[in-house]
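Heads up: the structure comes next, in structure tokens.
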Amino acid sequence: MKFTDTPLLSTIIESSPFGICIVNTDLLTVEMLNNRYVEIYGESTEFLLGESVDYLIAKGHHLDKKIVSDVILYKKTIKTAPVYLNFVPLKDQQGVNISVIYSPVLNNEGEIKKVAIWIVENDFASVDVQNGNVEKAAIDLENEHANSLLKEIPSAFAILSGKDLIFEFINSTYQNLVPGRELLGKPFLEALPELVGSDLERSLKKVYTEGIALNFSDDLVPLSNTELDALEQRYFTYRLIPRFNNEKIVDGIFIFTSEVTHAIDDKVNLERTSNNLNQIINMLPASVVIIRYDNLIVEMINDANLAYWKKTRDEVIGKPFLEILPDLSDQPFAGQLRRVMETGEIIDVKESPVLFIESDGTVRETFVDYTYQPLTGVDGKRDGVLVMSFEITDRVLAQRQLEQSANMISQANDQLSILINKLSKSESRFKLVFQKAPVAIGLLRGKDFIIESANKKILEVWGKTENIVGLTLAEALPEIKDQPFIAFLDKVYATGKPFYANEIKAMLMHDDELKELFFNVVYQPIANAEGNIADILVVAADVTEQVKARLIVEKSEAYFKMLADLVPAKISNALPTGEVTFFNKRWLEFAGMSFEDLRDFGYYQMMHPDEISKFHKGLADASSSKTAYVSEMRFKNTDGEYIWHLNIATPIFDEQGNLTMWIGSTTDIQWLKEEEQRKNDFIGMVSHELKTPLTSVNTYLQLLLRKAEKTDDEFLKRAYIQSLKQIKHMTDMINGFLDVSRLESAKLQIEKSEFDFSELIEEVCIDYKLLYSTHHFIFLPAESIIVNADRLKIAQVMNNLVGNAVKYSENGTDVIISYETFEDRIRVIVKDQGMGIKAENLKKLFEQYYRVKNNSQIAGFGIGLYLSAEIVKAHGGTMWATSEFGKGSVLYFELPLL
Ligand code: ADP
């Protein structure tokens, strides 16, 4: 037989306010479940019936297989400790504490065939049971199974039968509610006479007559305590369910009840406690408010906080924080509250300003120290913040005021001290000057020179501390014993006359080391009121650095002089003004004078009179162009002979570009000059000797050429032309050498005559055209112009320029000759398409014997341009060249027309 076969049992189980699950002991599978059980776990019956206990456990049901087996083994009821069930999907219930009770169900033979598992809510109020569920309820008391099961119902259970409500059945729990009192078989009001006229009596009658079930929570039921013989205020949660007979008429009442007196007490206590808590919180001097959820609802607030916010409780409870205080929305509080809820951090802020806008629009500035602490809700999640704050506005304002007045006081103080300072300045000025002076100052008293005062600087100079004040100078500076200072002071003391000394050397002890120092000192005697010398004021300026620097310079100067005496050249040194500051030994020896004599009148007297003005100009040019002036000039020796020297005057500039001195180096080149002269004389003589035969050879060759021209003998003609070319070349060369030697001995004579310049050029061109078919000679037509010059010499110049143009350019190129006339002068231009001249060589072309390097394969001596330039110069004209290297050169000369 199964339980479900028993309609009564089935009804009881179905309408039970507890969750019930009947487990078959053979298979440990679920044989029966009631609605309440299914509700608790939110499942449906079909899914659980026939399933194993293991399956239920796996689904999270509060079952324990071990307990089930213990119940089977020991045949006894086991109740587990209550557990909190977080979520029960029942109306009005957030969560409940449940206990699980495992009861053995025995058969007639006393064997365990089933285990009944009751899920009992410790507070089973408000379970809504449908009346229909009990429609066919009837208890078959004969049924042993049912009986034994009913007895095990863990709540108090009774069945009242008939209109008199006779206790037909009570389980032990019910009996335990009224221990020692006889209930079974007695009418309800007889068994419990104290309930006559009670609410409960009325409720029972209502259930019986109307056939409806009634539920009561925490209901006060005063019951007699037989032992104490007194009424007890007891609370019960109970259900009264009508029992219907087959005719669907009520014939009894089921009572399920549990005592909640204790719980009620707890509740009362809780209320009391929470009331106490409220009171305590209200008594706190701090403002307290609890704010919950993201919309910052005020859940609780104390009076202090209300006063601070200037709100009533009704204005704030249950309202969002920013709705209550919209004026705080642009202040950091709402953000901080949410942050605390989000992160769980504790915020602790000191002296935070909080600004409220008052109803009249004015701003109320307050200051608070506040903490925000996170609060967790029933589900364990952070959803609130406990805010505690202390208003410290008064303190802050007071502090501000304090600071302000402190500020004022300090300002006043500053002014006062300035005033005092001003007053005392006149007095202390001397002291201040004395102490702060950059020079060393000390006051020595009496004839023993007791150090009365010593400023910082003098202590530094002496290498001592203030400890020496009061000592005599000799005691303070024992190292000066053998130095002249005490003697100087004695003299000042004796004579009353001040003592001055510059760059005086003192050896003073600094950090156990004797140091060499230099000072400019003044010892100033100071007379007392009687006119006697009482003190000596010592003022000293440390000039060690400059003296040492000067010594170094002096030393290097000495080295320079030594070096200058060792070289064979004459070395001199002069100021920018020209005043000579140094002549080396060689100069003095050459002049046979002392330095002073040579400096004062010797130098210029020794120069050749022809060269002095040139020398001055050269120096001026050198100074402006910042280059050395190099010249050959003569100086008279002790025998009155002028000796040729190569003179190099080098200007020296400082970093700012100012001329600081001249260094002169003068080397005797007399022997070189004499050598050159001898060479020139020789060349002159040889050239002269060579010229006469060459002239006659030239004449003969011209005659022969003219004769050959009349014949057809081309070979002879060419041979004569070639020979004439060589003779011309030789003649030019010899003329050149002759001119050089004449130039050297200043014998170059210019014999001017008037002639047509274009004619001269024509002639030169004709000559070259005749002799050199290798180049194209182009004379750019120009107006004929009469010049007054040495025709032969100018022809020589032209020959030289055209000759060079041919020599230094490739065959087949053009040589272009032209001239331009200006008002007062004529400019001649000879242009070629040859190798050209590098810019750096352009100036040197006109020096004697100068030849551009790497031109050695082209014959020449480097005198042609030198001579040409000298001839042009002798005419009062100039000569120069321009060139584009590799492309050709242009040689110019200009002559004055008259
Ligand atoms: P040289 O007898 O060496 O030609 P010059 O006094 O006539 O002597 O010329 C000096 C130097 O100038 C030459 O050696 C040559 O290097 C250079 N020179 C002169 N004229 C020209 C020119 N037209 N083109 C290139 N170089 C030239």
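The figures that follow rest on heavy atoms only: side chains count, while hydrogens, waters and symmetry mates do not. For clarity, every value in this text was computed on a predicted model and none was experimentally measured. Just follow the structure's listing: the first ligand is 1, and inside any ligand the first atom is 1.
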G862 near ligand 1 by a heavy-atom separation under 4.0 Å: yes
- prompt: Just by distance, with hydrogens left out, do Q726 and Q722 show a side-chain donor and acceptor under 3.5 Å apart?
  reply: no
message: Which of the numbered atoms in ligand 1 are under 4.0 angstrom from any heavy atom belonging to Y850?
response: 10 (C), 11 (C)
query: Going by the order shown, which atoms of ligand 1 are within less than 4.0 Å of some heavy atom of I863?
result: 6 (O), 8 (O)
task: Assign the ring pair F755 / F757 to parallel, tilted or perpendicular, where the plane angle (0 to 90°) is split at 30° and 60°.
output: parallel
- request: Run the numbers for me: atoms of ligand 1, each under 4.0 Å from some heavy atom of K807, listed by number.
  value: 1 (P), 2 (O), 4 (O)
- request: Verify the distance criterion only: is there a donor paired with an acceptor across the side chains of K636 and H608 at less than 3.5 Å?
  value: no
- request: Heavy-atom contacts with L845 under 4.0 Å: which atoms of ligand 1 show up? List them by number with element.
  value: 12 (O), 17 (C)
query: Between I837 and ligand 1, which part of the residue brings a heavy atom under 4.0 Å of the ligand: side chain, backbone, both or neither?
result: side chain
- prompt: Nearest heavy atom to atom 9 (O) of ligand 1: which of V830, L865, V802 does it belong to?
  reply: L865
- line: Quick look: D832 vs ligand 1, heavy-atom contacts under 4.0 Å, and the answer is side chain
- prompt: In terms of heavy-atom contacts, does NZ of K725 have more than 12 from other residues, nucleotides or ligands at under 6.0 Å?
  reply: yes
- request: For R851, counting its heavy atoms only, list the atoms of ligand 1 lying under 4.0 Å from any of them.
  value: 1 (P), 3 (O), 14 (O)
task: Compute the centroid of each ring, for W587 and then for F635, and state whether the two points are separated by less than 6.0 Å.
output: yes
task: For V852, take its heavy atoms, then give the atoms of ligand 1 lying under 4.0 Å from any of them.
output: 14 (O), 16 (O)
- prompt: If we ignore angles and hydrogens, is there a donor and acceptor under 3.5 Å between the side chains of S758 and D756?
  reply: yes
message: Under a 4.0 Å threshold between the charged nitrogen and the carboxylate oxygen, would E611 count as salt-bridged to R634?
response: yes
task: Give a yes or no answer on whether the side chain of Q670 reaches the backbone of W644 with a donor-acceptor pair at less than 3.5 Å.
output: yes
field: Under 3.5 Å: N/O of L891 near N/O of ligand 1
entry: no
